[in-house]
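Presented below is the structure to which this report refers.
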Amino acid sequence: MADTETSPAASTATPATDSLSGTAGTLLDPSPGMSLSLYGYDLQPAVDLVVKGGPVAIILVALSVVATTVMLVKVSRFLWLRLGARSRVERALALWFGARESDAIALLNGARQPAAQVLAGAMRGTHAGHDDRLVRKDVERLAIGKIAQLRSHLRILDVTVQAAPLLGLFGTVIGMISAFQALQTAGADADPAVLAGGIWVALTTTALGLAVALPIAFVNAWLDGRVEAEQRVMEDAVTSLLTGRVSARAPLRTPREEDGNATG
């Protein structure tokens with residue numbers, strides 16, 4: 001008798017909870033029995049979270065893959081180019097001011113650092129006897145091209161840092177709307193536990209967006225810093241070459257010479 005009395009309630013509650021769990025947070029249950037692992041680490045929980053997060057979570061994962069690829073390529077290239085280093089440039093300038101212009105140019109030939117390449121162009125133009133203003137304009141053109149090459153594809157990282165949190169918030173809002181719509185449809189038969197599960201699944205997209213944006217933001221700031229450091233090395237090296245480092249090479253007057261000039 002008890003079984004016959006509780007079965008109608010169970011039959012009415014089950015479709016409501018199933019409907020709620022099927023729509024809240026854009027839930028897409030993964031196929032049972034599947035398991036993914038990499039080097040002994042179980043990746044299935046992470047895959048389940050991404051699948052439950054819906055299309056927005058999948059977009060965030062794809063965006064993170066693209067941004068991570070760009071990030072690794074740029075970091076490795078910047079380290080290979082030795083951006084911001086001054087040793088080779090300073091040695092070349094020392095040779096140049098020591099009346100060994102050919103040796104200074106030879107030292108910079110074949111250098112992979114952009115600042116060294118720009119300084120080599122300025123030295124060749126000056127050594128050939130061209131006007132300093134013409135040399136400076138041509139060097140500026142060369143430096144702008146080098147900086148543009150260094151900054152190529154960094155816009156992808158900027159867009160990822162700005163868009164990933166917004167995409168995560170967008171996914172959370174969609175999931176919350178779906179969860180409360182399902183709650184309204186279920187009415188009094190809704191299960192609060194299922195609603196809570198739909199809400200935390202919806203919040204995973206916000207967490208995923210922040211997890212994608214934060215490390216890329218730090219690396220992107222480091223990459224921008226390296227480009228700015230290399231630009232400063234270029235400007236300092238070319239200016240030192242064209243001005244002859246007048247302030248550093250000017251002879252100092254002794255107190256006796258200054259007194260003689262004053263009395264004269």
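As the structure is a computational prediction, the values presented were derived from the model and not from experiment.
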Minimal non-hydrogen separation, [X] against [Y], with atom names:
X    : Y    : value
D132 : L242 : OD2-O, 4.1 Å
G209 : L60  : N-CD1, 3.8 Å
D138 : R141 : OD1-NH2, 3.0 Å
V89  : A237 : CG1-CB, 3.5 Å
A104 : M123 : CB-SD, 3.9 Å
A164 : V212 : CB-CG1, 4.0 Å

Is there a continuous path of hydrophobic side-chain contacts, each under 4.5 Å between heavy atoms, that joins W80 to M71?
yes
Would you say L210 and V56 are hydrophobically clustered, going by side-chain heavy atoms of ILVMFWY under 4.5 Å?
no
[X] atom [atom1], neighbour heavy-atom count above 12 within 6.0 Å:
X    : atom1 : result
R133 : CZ    : no
F78  : CZ    : yes
R82  : CZ    : no

Does [X] reach the main-chain N or O of [Y] with its side chain, forming a donor-acceptor pair under 3.5 Å?
X    : Y    : answer
T160 : A67  : no
T239 : D236 : no
T205 : T172 : yes

Less than 4.5 Å apart, any side-chain heavy atom of [X] and any of [Y]?
X    : Y    : answer
R91  : L107 : yes
S152 : K74  : yes
V173 : M176 : no
E90  : R86  : yes
L119 : M234 : no
Q149 : K146 : yes
W96  : T126 : yes
V238 : V118 : yes

Return the [atom1] to [atom2] distance between [X] and [Y], rounded to the nearest 0.5 Å.
X    : Y    : atom1 : atom2 : result
K137 : D131 : NZ    : CG    : 9.5 Å
L81  : L150 : CG    : CG    : 6.5 Å
L208 : L203 : CG    : CG    : 12.5 Å
E101 : L241 : CD    : CG    : 9.0 Å
I59  : L63  : CD1   : CG    : 9.0 Å

Between L108 and Q117, is the side-chain contact (heavy atoms from CB on, under 4.5 Å) condition met? List the steps.
CA-CA 7 Å; L108 297 178; Q117 296 174 0; over 6 Å; no
Indicate every side-chain donor-acceptor pair of residues 214-233 with a distance under 3.5 Å to a residue at least two apart or in another chain.
unit_1: N220; atom_1: ND2; unit_2: D158; atom_2: OD1; d: 2.4
unit_1: D224; atom_1: OD1; unit_2: R151; atom_2: NH1; d: 3.4
unit_1: R226; atom_1: NH1; unit_2: L83; atom_2: O; d: 3.2
unit_1: E230; atom_1: OE1; unit_2: G84; atom_2: N; d: 2.6
unit_1: E230; atom_1: OE1; unit_2: Q113; atom_2: NE2; d: 3.2
unit_1: E230; atom_1: OE2; unit_2: Q113; atom_2: NE2; d: 3.4
unit_1: E230; atom_1: OE2; unit_2: A115; atom_2: N; d: 2.7

